[in-house]
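Each remark here refers to the structure printed beneath this line.
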Amino acid sequence: MKSADIRALVTAVVCIVLAALVPFVFNGYWLSIALTAMMYIALSTSWALFSGPTHYISLASGAFFGVGGYLVATGMSDYNQSFWLMMFVAAIAATVLAGLIGLATLRLSGVYFVIFTLGLAEMIRNLVSWVQNNFLGSRGLYVLTDFTEAHIYWMLLTVASAVFIFGWLVERSRLGFALKIIGNDETVARHVGINTAWTKVVLFMSTGFFAALVGAIIAPRYSYIEPNLVFSPELSFLVVIMALLGGTHRLWGPLLGVIPFTLIWEAISIWIPNFTTLFLGIAFLTIVYFVPNGFVGLLEKTRGSRGVKAGS
Amino acid sequence: MFKIISANSIRKGFSALVVVTLTTLLSFTAHAADPIKIGAVAPKTGPLAGGAAVTQWPNIELWVKEVNARGGLKLKDGQRMLELIEYDDKTNPGEHIKAVQRLATQDKVDFIVAPYGTGFNIAAAPIYAKYGYPQIAVSAISDKMDELTARYPSLFFTLGTTTAFVNGVKDILAGMRDSGKIGNKIAMVNVADAFGIELAEAARPIFKDAGFDIVYDKSYPLGTPDLSPVVKGAKAAAPDAFVAWSYPPDTFGLTEQAIIEDLQVGAYYTAVATCFPAFGQKFGSKIDGVFGAGGVNPDTEEMQAYFKRHKEMTGKDADYWASANTYVSLQILEQAIEGVGDVDREAVTQYIKDNSFDTIMGEIKFDNQISHKFWTVGQWQDGVFRGVASSNMDGVAEIKEKSGWN
Amino acid sequence: MNTATNNPGLTRSGKPAARIASGRTLLEVQSVSKAFGGLLAVDDLSFSVREGEVLGIVGPNGSGKTTVMNLVSGVFSVSSGEIYLDGQDLTAVPAHKIARAGVARTFQLVKVLPGLSTIDNVIAGAVFARRRRWGSEAKSHARNLLDRVGLGGRQTQPVSSLTYIDQKRVELARALAGDPQILLLDEWLAGLNPSELQTGMELVQSLSDEGRTIILVEHVMDAIRSLCDRCIVVNSGRLIAEGTPSAVLSDPAVIAAYLGEEHD
Amino acid sequence: MDILISGLLLGGTYVLIALGLNLQYGVARIMNLANGEMLVLGALASFWMFVSSAVSPLLTLILVIPLAFIGNWLIYRLLLIPLVRRARHQGQLEVDSILATFGMSFVLVGIMVALHGEYFTYSFLARPITILQSTVALNRLVAFGFAVLIGALLVLWLNYSRAGMAVRAVAVDPASARLVGINVEKISALAFAVGGSVAAVAGVLISTFITLDASVGVIFTMKALIIIIMGGVGDVRGAIVAALILGLVETLVATLIDPGLTLASAYLIFLLVLLFKPQGLFGRAQT
């Protein structure tokens with residue numbers, strides 16, 4: 001292991017430990033912000049693992065998140081299964097689903113993929129609602145547990161850490177290298193012997209896995225699951241936007257997007273409760289126009305320019 | 001060079017923003033002379049915003065204005081005005097929880113108006129319970145009320161259970177059948193989301209046990225643009241009654257199609273939003289005799305005064321169901337606070353449990369945190385949506401026979 | 001160096017003709033056709049390549065040369081016909097499997113991986129292909145190959161900062177990195193100035209001297225004449241001549257096909 | 001017959017929804033996620049004029065068309081051209097335009113919520129009319145008529161006018177269009193503005209028979225995207241055919257199988273088209 005690796009590892013461990021202490025220091029409001037941020041860190045980072053190198057903009061997060069939340073709810077509410085079992089089932093189901101979708105759509109060019117995944121959450125919501133309505137029946141999907149916000153936060157932190165470890169391993173593996181090549185030139189990738197479809201599908205499955213886990217963990221927080229709310233297209237967009245805002249070509253890029261975004265979002269929600277959406281839009285446009293390469297880009301540019309100055 | 005400068009200035013601007021946020025968040029402290037802080041979180045955007053804009057927000061506005069107009073709430077140590085702090089939950093449970101946390105721990109509000117929508121009331125219940133806020137849930141119907149109220153000691157329900165709702169409809173239909181007005185064939189449709197699935201699931205055995213024959217039983221997805229196949233399908237089954245467990249946009253869509261298709265049924269029922277003034281305005285006299293969820297008794301002096309004040313203070317018409325319930329929940333809160341004479345939440349919660357309240361819907365009291373006094377079915381009669389079935393309400397109107405769609 | 005250097009030290013002229021003639025057939029293309037919509041780009045084409053041989057494919061523009069390369073390397077699948085590599089059926093096999101079987105190629109318009117460093121561009125060819133290397137092994141292998149193509153010491157440079165010919169060298173090194181059984185060079189010498197051309201030809205020559213099997217699609221006739229053991233000529237997707245470069249290039253049918261076209 | 005007619009009418013609605021975005025995405029290369037909001041804005045204008053001053057939606061059209069044209073032209077000139085200029089390749093423009101128009105959709109939703117947070121619902125031409133023994137709503141029929149009209153006008157304009165020819169050239173290949181002397185930016189702005197006003201017109205017409213609210217736009221955007229991808233990006237005829245097919249299939253499934261499966265079936269066809277004809281029904285094969 002190189003010294004840079006060790007430094008990164010130590011930093012990561014320190015960050016995780018600090019993050020784990022948050023519920024002891026903050027309670028209530030700040031914890032719920034941290035929880036929201038942690039949820040998006042897990043989602044955006046795992047999203048970027050796939051979409052960063054391949055440039056496929058996946059809007060499927062909402063679909064997998066929904067599968068997670070929905071399966072936990074229906075399993076616990078209608079079939080008296082334990083939360084843990086359903087969390088596991090949900091993650092596996094979403095992984096399989098992502099695999100099937102990936103096989104079907106990842107051969108397509110980017111745009112088609114974007115639009116397909118955009119509608120995916122809607123399609124799955126319609127299908128599961130229909131199945132529930134006609135075959136299973138339900139008297140409401142309740143997820144009543146004794147988890148506190150702190151518990152949910154720690155679970156999310158675990159998932160987020162797992163995403164980082166996974167990302168770190170992928171980056172150092174042949175799989176990660178293959179992805180990088182695919183992102184640069186897919187034709188070349190094929191001709192140096194990379195099974196491009198398989199590589200993309202595997203990574204896409206990992207985003208499905210993690211998003212479903214997050215959805216499953218969030219379900220107890222929602223307590224009552226409405227398909228309409230867990231299969232949320234807005235969530236898909238927010239995940240993408242936070243990741244792009246941070247920057248997708250670094251593992252820690254999305255992190256830099258999620259944290260300021262969550263804070264801006266919160267600030268606007270507080271200041272202008274009647275025009276939140278309007279001002280969120282404006283904040284959004286400002287970011288797109290003035291921070292085009294994400295915060296990572298901004299950071300590297302400043303650092304780069306400082307380096308040049310020092311050299312001259 | 002320009003780019004570097006602008007990047008830096010953005011960064012500076014951004015950090016300034018963060019600093020300002022933090023200071024704003026931390027700068028709230030309560031003073032004794034301050035007004036009573038009331039928090040409210042409900043959708044202003046997202047799928048439920050349209051409903052909340054009719055039922056929830058205007059009543060909060062009305063109540064705060066009224067109380068302040070008469071000088072505030074009378075407490076032991078004098079009158080105190082109300083200060084409203086409102087947040088948009090964007091129809092997102094996560095946002096909602098965060099906003100309630102903020103109200104509780106940052107704004108340190110004294111009371112919070114219960115959320116809008118079943119899911120939101122249940123999602124927020126643990127936090128209300130944690131900080132001891134009384135939560136008088138209005139726009140929430142559930143069959144798990146007993147379990148939920150046992151779990152959350154400060155949660156109150158006022159609008160009835162899923163089963164009560166279905167039974168209301170069943171009673172009306174059975175009554176009409178027994179008096180020979182309709183036959184026993186029901187066409188039932190529902191929106192395929194939590195609310196519709198739950199009601200349809202509850203309705204199937206209830207209708208069957210009452211001797212009805214469900215001749216058409218289909219769901220349609222939330223957001224279906226064209227409901228004509230649904231209405232055509234129902235019509236083809238030649239039912240005597242049409243029952244739709246529907247949400248606002250499709251309540252409008254189904255009824256429009258029923259008029260177009262000239263769906264001839266002795267009883268026509270759509271669920272949420274049938275009671276909206278916009279429903280009456282849109283269809284005029286055509287919907288005379290249409291049944292819908294909820295209802296009011298508009299003839300009492302209190303209700304008439306309430307409708308008038310609602311229109312005057314908010315510029316909007318109250319709906320003929322949950323608007324009044326929402327207002328009632330605020331009246332209960334108001335009377336409990338004044339009864340205790342203090343903003344002690346625990347005492348107020350206990351007061352709500354122990355006392356009965358004089359409201360625009362008559363006397364309301366809670367039995368194990370559940371009020372059993374609510375309307376279940378209403379009917380449009382000469383431009384007014386009247387309650388025709390209820391649980392323990394006075395002034396139930398006679399059912400009017402529906403004569404086509406004119 | 002663990003590349004297959006069968007006959008180090010042998011110059012081209014020293015390569016025994018007998019060995020090539022007797023070498024086993026490595027690539028076998030049998031009655032292959034390819035249609036794009038109504039257009040028949042390759043029409044019932046058959047040829048074979050023996051181990052250690054340098055085969056030239058020539059023909060006027062649009063005659064289907066690059067399509068042949070694309071069929072062999074799996075960019076397109078054939079409409080009819082079969083392709084075998086060392087007895088293994090490559091018809092209807094996806095490109096990455098063909099690459100793993102040992103077919104490596106360069107592209108008519110140079111394709112480097114712009115986001116990667118020069119050495120990573122070469123490593124890209126070493127990790128997933130016929131002979132797989134990873135980690136330090138791949139790195140030292142790539143470094144050797146960069147030395148081999150004349151780019152020693154430029155490993156960490158961003159590949160986008162390299163000149164055109166250097167990018168072509170990187171592409172060649174990448175193709176070599178997986179120890180291919182057969183190397184497809186698609187107009188690899190095109191667009192080079194005379195001195196670069198000289199260097200390029202020497203490089204290809206040295207690869208041939210190592211005993212590599214190469215298919216060369218080329219417009220540069222000097223290169224064909226000096227590098228190829230054998231040539232096939234395609235016109236309108238059909239094979240019109242086959243033989244040694246000098247024989248083929250003086251074939252009247254070939255001259256007719258090129259008539260009106262500038263042959264440099 | 002019922003199915004055919006209801007299906008065609010629904011298809012007509014989809015034609016209205018999709019045509020605007022088809023121009024914006026196919027020609028100006030902006031995947032405009034705020035397209036649905038533009039549609040809802042048209043609906044809001046129509047609702048507001050009808051409820052406050054009893055103005056017929058058909059008259060509102062006269063007002064909405066030029067306003068939407070100017071509004072969208074300005075959006076393109078002021079907000080989108082900087083993105084087009086800074087994009088180094090198509091992929092980057094796609095990402096940037098997704099982000100920017102998503103922001104715009106928030107802004108538009110915010111404005112509309114402030115104007116009218118409740119449902120936009122009113123009754124206009126909600127009369128039954130019988131064609132070929134099938135009962136349909138007059139307002140849907142009117143909307144269908146406009147869909148046919150707008151579709152026809154666009155096809156004529158694109159195929160028989162100079163500007164239309166330029167628009168098609170830009171749709172096929174902006175780089176080559178530039179080479180033959182077409183001002184690509186100007187044509188793109190034109191296409192974007194025309195697309196925006198088509199969306200607003202669609203909103204006006206659709207509001208006569210569908211109950212909308214300020215937040216509902218994304219549903220229309222999604223539908224529109226599905227249709228234009230199915231039809232082939234930038235191809236007006238393709239979009240029209242795809243929209244009609246979608247309308248027919250949804251009605252067919254709703255009537256014969258189960259209304260609960262309509263939207264799911266729409267997705268299924270979309271997926272099938274993607275798998276077997278990825279360039280869309282009328283798309284040009286990509287090389």
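By convention in this document, chain letters (A, B, ...) are assigned in the order of the sequence lines, proteins followed by strands, and residues within each chain are numbered from 1.
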Please output the residues of residues 50-59 of chain D in contact with chain B, using a heavy-atom cutoff of under 4.5 Å, in numerical order.
none

Sort D/Ala137 into side chain, backbone, both or neither according to what part of it lies under 4.5 angstrom from a heavy atom of chain B.
both

Partner chain D: residue of B/Ala49, B/Gly51, B/Gly233, B/Ala53 with the largest heavy-atom pair count (under 4.5 Å)
B/Ala53

Just give me the residue among B/Pro248, B/Gly253, B/Pro47 that pairs up with chain D most often, heavy atom to heavy atom, under 4.5 Å.
B/Pro248

Ranking B/Gln281, B/Glu261, B/Lys232 by heavy-atom pairs under 4.5 Å to chain D gives rank one to B/Lys232

Trace of the side-chain contact (heavy atoms from CB on, under 4.5 Å) decision for B/Ile260 with D/Thr135
CA-CA 7 Å; B/Ile260 301 285; D/Thr135 321; 4.3 Å; yes

Considering only heavy atoms, which portion of D/Leu263 lies under 4.5 Å from any heavy atom of chain B: side chain, backbone, both, or neither?
both

If we only count heavy atoms from C-beta on, is the B/Pro221 to D/Thr262 side-chain gap below 4.5 Å?
yes

By residue number, those in residues 4-15 of chain D with heavy atoms under 4.5 Å from heavy atoms of chain B are D/Ser6, D/Leu10, D/Tyr14

Do B/Glu256 and D/Asn139 have side-chain heavy atoms sitting under 4.5 Å apart?
yes

Under 4.5 Å, counting heavy-atom pairs only, tell me which of B/Gly223, B/Pro225, B/Ala273 racks up the most with chain D.
B/Pro225

Toward chain B, the part of D/Ser134 with a non-hydrogen atom under 4.5 Å
side chain

Locate the shortest heavy-atom distance separating B/Pro229 from D/Thr255; write the atom from each residue and the value.
CB-OG1, 3.8 Å

Segment of B/Leu222 engaging chain D (4.5 angstrom heavy-atom cut-off):
backbone

Of all heavy-atom pairs between D/Ser123 and B/Lys282, which one has the smallest distance, and what is that distance?
CB-O, 3.1 Å

Counting only non-hydrogen atoms closer than 4.5 Å, does D/Ile257 touch chain B with its backbone (N, CA, C, O), its side chain (CB onward), both, or neither?
backbone

Closest contact, heavy atoms only, D/Val109 versus B/Thr45
CG1-CG2, 4.2 Å

Count the heavy-atom pairs under 4.5 Å between each of D/Ile129, D/Asp213, D/Val113 and chain B, then report the option with the highest count.
D/Val113

Which portion of B/Phe279 sits near chain D, non-hydrogen atoms under 4.5 angstrom
neither

Could you tell me which non-hydrogen atom of D/Arg140 sits nearest to which non-hydrogen atom of B/Leu227, and how far apart they are?
NH2-N, 4.5 Å

B/Val230 and D/Pro259: which non-hydrogen atoms are nearest, and at how many Å?
CG2-CB, 3.6 Å

Pairs of heavy atoms under 4.5 Å with chain D: top-ranked of B/Phe283, B/Trp57, B/Phe252:
B/Phe252

